[in-house]
Amino acid sequence: MSIAILGAGAFGTALAVALAARGPVTLWARDTSWGRDNPRLPGVTLPDAIHVTDDLGDAARANTLLLALPAQALGGFLAGHAVLLDGKRLVSTAKGIDLSKLTGPSALLADACPQATVAVLTGPSFAADIARGLPTALTLACADGDAGKALQHTLSTPVLRLYRTTDVTGAELGGALKNVIAIAAGVVIGAGLGDSARAAIVTRGFAEMTRLAARLGARPETLTGLSGLGDLTLTCTSAQSRNFRYGQALGSEQPFDSATTVEGAATARAVAALSRRLGCDMPVAAMVAALAEGRVSVDNAAEMLMTRPLKEE
Ligand SMILES: NC(=O)C1=CN([C@@H]2O[C@H](COP(=O)(O)OP(=O)(O)OC[C@H]3O[C@@H](n4cnc5c(N)ncnc54)[C@H](O)[C@@H]3O)[C@@H](O)[C@H]2O)C=CC1
Ligand SMILES: O=C(CO)COP(=O)(O)O
């Protein structure tokens with residue numbers, strides 16, 4: 001099975017390093033001027049088994065293509081290149097909800113490439129950890145159980161352990177929504193509101209993650225698995241997380257580098273639109289969207305969440 005990774009950001013590069021332990025991997029990037037040392041993943045020199053190319057036609061000859069692009073870039077990329085990808089095994093690593101279509105990456109892939117086998121790779125995993133060969137467990141979600149099993153075997157290594165599910169909706173929503181809650185957790189810590197408040201926002205955030213996911217047809221157990229609770233735990237507790245750090249900057253009114261990929265900001269806006277459409281109450285996500293757009297202050301956001309009507313848990 002030949003493998004290519006499309007997108008040489010931190011995660012695409014880290015996956016290439018991990019999979020190169022099993023055999024040759026092609027890594028496609030728009031710009032390959034960095035040679036064997038990708039500034040998106042500092043301190044890692046690519047092993048020889050990775051073929052780096054800026055020729056998408058060359059990369060797309062592989063039969064398994066991992067799309068490691070940000071969620072808001074995926075639709076535009078597919079609009080330009082779907083013809084090269086259709087019919088392949090396509091695995092998205094994007095953790096977000098497309099703002100214009102209000103869908104996850106699997107629907108974008110299926111719409112653009114109707115003959116492809118579509119899957120999602122998600123779960124708790126920092127690129128730097130994967131690139132260092134630290135043990136990591138992820139979820140491979142594919143609606144076609146046999147295709148999912150084949151992909152699980154193709155993409156697992158001794159240190160990259162993939163569990164599989166056919167619940168693509170649940171797996172990709174877990175990965176997208178945890179980023180929104182991680183921003184909220186970062187805001188709490190950045191604003192000095194304390195660890196107790198963080199535990200509260202993460203738990204209530206998880207409640208609304210499961211509520212929206214259930215409305216969209218996800219299975220509850222998927223949300224309590226690696227792709228949901230697992231990734232929520234990681235992202236809300238680690239300063240390695242860009243979403244958490246962005247939240248910290250918002251909470252402490254510090255500047256944040258706008259070139260950093262922060263999936264949860266756009267996804268919070270997408271979730272706010274979805275929650276209005278579905279009549280599904282998502283107060284933490286709504287507050288993250290308002291904070292990211294500068295519509296409320298941190299003090300107001302905390303007060304608004306604390307003074308909502310009292311209710312059963
Ligand atoms: N970094 C991490 O630890 C993890 C990231 N992810 C997810 O993987 C996805 C990618 O994240 P990262 O690699 O970390 O982001 P990144 O910001 O490091 O890299 C994004 C890459 O996508 C490229 N790109 C953007 N738009 C493009 C387009 N239209 N065409 C071609 N290339 C384009 C950029 O040039 C860049 O190389 C995100 O959805 C993220 O949530 C998932 C698990 C872990
Ligand atoms: O998805 C991730 C870890 O599982 C990476 O999180 P950040 O995008 O917040 O860095």
Side-chain angles (χ1 to χ4, degrees), residues 5-18 27-34 38-42 44 52-56 59-60 65-82 84-85 91-98 104-106 108 120-132 134 136-140 160 171-172 174-186 226-249 256-268 288:
I5 295 167
L6 310 184
F11 200 54
T13 307
L15 284 175
V17 171
L27 177 61
W28 173 82
R30 291 181 294 192
D31 170 20
T32 57
S33 58
W34 38 267
N38 187 343
R40 294 259 176 188
L41 196 60
V44 176
V52 181
T53 181
D54 59 5
D55 179 347
L56 187 59
L65 304 176
L66 274 61
L67 290 97
L69 301 172
Q72 305 309 324
L74 185 59
F77 175 81
L78 290 171
H81 305 295
L84 283 172
L85 315 183
V91 184
S92 171
T93 76
K95 293 180 179 173
I97 297 176
D98 181 82
S106 66
L108 296 182
V120 161
L121 182 62
T122 185
S125 55
F126 287 125
D129 293 348
I130 288 185
R132 286 174 61 204
L134 301 180
T136 308
L138 294 175
T139 300
L140 186 285
L160 196 63
E172 70 181 4
L177 298 176
K178 67 85 190 175
N179 280 334
V180 178
I181 307 306
I183 294 176
L226 289 165
S227 55
L229 185 57
D231 212 353
L232 181 71
T233 305
L234 178 73
T235 318
C236 292
T237 58
S238 173
Q240 274 197 76
S241 161
R242 297 164 296 192
N243 286 282
F244 180 78
R245 288 202 308 272
Y246 169 71
Q248 269 184 310
F256 191 81
D257 177 6
S258 62
T260 303
T261 298
V262 178
E263 295 283 37
T267 295
V288 170

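Just so you know, ligand 1 is whichever comes first in the structure, and atom 1 is the first atom listed for that ligand. Small disclaimer: the values here were computed from a predicted structure and weren't measured. All heavy atoms count here, side chains included; hydrogens, waters and symmetry mates do not. Quick note: residue numbers are just sequence positions, from 1.
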(request) For side chain to side chain contact (heavy atoms under 4.5 Å, CB included), just list the numbers for Lys178 and Lys95, CA-CA rounded to whole Å, side-chain angles, deciding distance to a tenth of an Å, and then say yes or no. (result) CA-CA 9 Å; Lys178 67 85 190 175; Lys95 293 180 179 173; 3.9 Å; yes
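Listed by atom number, the atoms of ligand 2 under 4.0 Å from Pro124 heavy atoms are 4 (O). The ligand atoms of ligand 1 that sit less than 4.0 angstrom from a heavy atom of Trp28 are 31 (C). Heavy-atom contacts of Leu234 reach the following atoms of ligand 2: 3 (C), 4 (O) (cutoff under 4.0 Å). Atoms of ligand 1 found under 4.0 Å from any heavy atom of Thr261 (numbered from 1 in listed order, with element): 15 (O), 16 (P), 17 (O). The contact set between ligand 1 and Ala127, taken as ligand atoms under 4.0 Å from a residue heavy atom, comprises 1 (N), 2 (C), 3 (O). Atoms of ligand 1 lying under 4.0 Å from any heavy atom of Ser125, numbered from 1 in the order shown and given with element: 3 (O), 43 (C), 44 (C). Residue Gly123 approaches ligand 2 through these ligand atoms, each under 4.0 Å from one of its heavy atoms: 4 (O). Counting atoms of ligand 1 from 1 in the listed order, those under 4.0 Å from a heavy atom of Ala8 are 37 (O). Using a 4.0 Å cut-off to heavy atoms of Phe126, the atoms of ligand 1 that qualify are 3 (O). Those atoms of ligand 2 with a heavy atom of Ser241 less than 4.0 angstrom away are 7 (P), 9 (O), 10 (O). Per-residue contacts place Lys95 under 4.0 angstrom from the following atoms of ligand 2 (heavy atoms of the residue considered): 1 (O), 2 (C), 3 (C), 4 (O).
The shortest heavy-atom distance from Gly96 to ligand 1 is not under 4.0 Å.
The heavy atom nearest to atom 34 (C) of ligand 1, considering only Arg242, Gln240, Arg30, Glu263, is found in Arg30. Of the listed residues (Thr93, Val262, Leu121, Thr136), the one carrying the non-hydrogen atom nearest atom 8 (O) of ligand 1 is Thr93.
Take Asp98 and apply the side chain to side chain donor-acceptor pair (under 3.5 Å) test, not counting sequence neighbours, and it matches Ser100.
Note: no N/O pair closer than 3.5 Å links Thr261 and ligand 2 by distance alone. Taking distance alone, with nitrogen or oxygen atoms compared against 3.5 Å, Thr235 stays at or beyond that limit from ligand 2. Close N/O approach between Gly7 and ligand 1 is not found [any backbone or side-chain N/O within under 3.5 Å]. Taking only nitrogen or oxygen atoms, main chain and side chain alike, Asn179 does not reach within less than 3.5 Å of ligand 1.
Counting heavy atoms under 4.0 Å from ligand 1, residue Phe11 touches it through both backbone and side chain.
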